Amino acid sequence: QVQLVESGGGSVQAGGSLRLSCAASGITFTTYHMAWFRQAPGKEREFVAAISWSGSITKYEDSVKGRFTISRDNTKNTVYLQMNSLKPEDTAVYYCAADLGARLSTDSRSYAYWGQGTQVTVSS
């Protein structure tokens, strides 16, 4: 049974930081690309960041470049999203996702497995 369990969400003031974690089980973690997506109320789910199975390739949505960092620890089957300089527009439910595809994708349709999400709220 595949499980992706996010943690680390919460409420923070603008300019603050949060670190999200996603622990995976039921998959061979080292063969999966991992990504973070987010969905704000009334909006579609959008790509945030992705990391290849080896950690050697990362991709970011333009609005988070320079503020967010995705990383993974393959010994712990965990992917992280360090979020700095948070803005109110970063408020959303953040989801981690796993993809077994050949290339690192920013398209949510490529990702077969999803976590339940963790809420991030940034106040001004």
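Heavy atoms only: backbone and side chains are in, while hydrogens, waters and symmetry mates are out. What you are looking at is a predicted structure, and each value in this text was computed from that prediction instead of being measured. FYI, the numbering just counts along the sequence from 1.
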Can you get from [X] to [Y] by hopping between Ile, Leu, Val, Met, Phe, Trp and Tyr side chains that sit under 4.5 Å apart?
X      : Y     : result
Trp114 : Ile70 : no
Leu100 : Trp36 : yes
Leu20  : Tyr95 : no
Ile51  : Val64 : yes
Trp53  : Met34 : no

Any side-chain heavy-atom pair from [X] and [Y] closer than 4.5 angstrom?
X     : Y      : result
Thr91 : Gln119 : yes
Glu6  : Gln116 : yes
Arg38 : Val120 : no
Phe68 : Glu61  : no
Tyr94 : Thr118 : yes
Tyr60 : Thr69  : yes
Tyr80 : Asp73  : yes

Distance from [X] atom [atom1] to [Y] atom [atom2], nearest 0.5 Å?
X      : Y     : atom1 : atom2 : answer
Asn77  : Thr30 : CG    : OG1   : 8.0 Å
Gln39  : Glu46 : CD    : CD    : 9.5 Å
Ser108 : Glu44 : OG    : CD    : 9.0 Å

Counting only N and O atoms by type, is there a donor-acceptor contact under 3.5 Å from the side chain of [X] to the main-chain atoms of [Y]?
X     : Y      : answer
Arg72 : Ser52  : yes
Ser56 : Ser54  : no
Lys59 : Leu104 : yes

Compare every heavy atom of [Y] with every heavy atom of [X], then report the nearest pair and how far apart it is.
X      : Y      : answer
Tyr32  : Ile27  : CE1-CB, 3.7 Å
Asp107 : Phe37  : C-CZ, 4.1 Å
Cys96  : Leu4   : SG-CB, 3.7 Å
Ser105 : Ser110 : OG-OG, 3.0 Å
Val79  : Ser71  : CG2-O, 3.1 Å
Tyr111 : Ala50  : OH-CB, 3.8 Å

Between Lys87 and Asp90 (salt bridge meaning N to carboxylate O under 4.0 Å), is one present in this structure? no

